[in-house]
Amino acid sequence: MSDKITVQLTEAEHKVFLKFQAEEARKENEKEIAKSEKKIESLEAKLADEKANLKALKAK
């Protein structure tokens, strides 16, 4: 009987550890998404500048 209790505690501890790992992975993914979103915004701003420059060149 005590073996079953030990195994159950070990499984419970493993589940807690897996939840912790999943939470850490989620946090890391959110950081990466935020970085990617900033990069996209920067690239969109550069694109808008380039389009404005091209338009100005065509107008000459």
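All values below were derived from every heavy atom in this structure, side-chain atoms included, with hydrogens, water molecules and symmetry-related copies excluded. For this chain, numbers begin at 1 and follow the sequence in order.
The side chain to side chain contact (heavy atoms under 4.5 Å, CB included) test with Ser42 singles out one residue from Lys46, Glu44, Lys39, and that residue is Lys46.
For Glu24, there are no side chain to side chain donor-acceptor pair (under 3.5 Å) partners at least two apart in sequence or on another chain. Scanning for side-chain contact (heavy atoms from CB on, under 4.5 Å) contacts around Glu23 gives Arg26, Lys27, with sequence neighbours left out. The side chain to side chain donor-acceptor pair (under 3.5 Å) test applied to Glu37 returns no partner, not counting sequence neighbours. Checked against side-chain contact (heavy atoms from CB on, under 4.5 Å), Gln21 has the following partners two or more places apart in sequence or in another chain: Phe17, Leu18. By the salt bridge (Lys or Arg N to Asp or Glu O under 4.0 Å) test, Glu32 is found to be paired with Lys35, residues two or more places apart in sequence or in another chain being considered.
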TODO: Might you work through the side chain to side chain contact (heavy atoms under 4.5 Å, CB included) test for Leu47 and Lys51, ending with a clear yes or no?
DONE: CA-CA 6 Å; Leu47 179 60; Lys51 283 182 177 180; 4.0 Å; yes
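Sorted by first and then second residue, the salt bridge (Lys or Arg N to Asp or Glu O under 4.0 Å) pairs involving residues 8-19 (not counting sequence neighbours) form an empty list.
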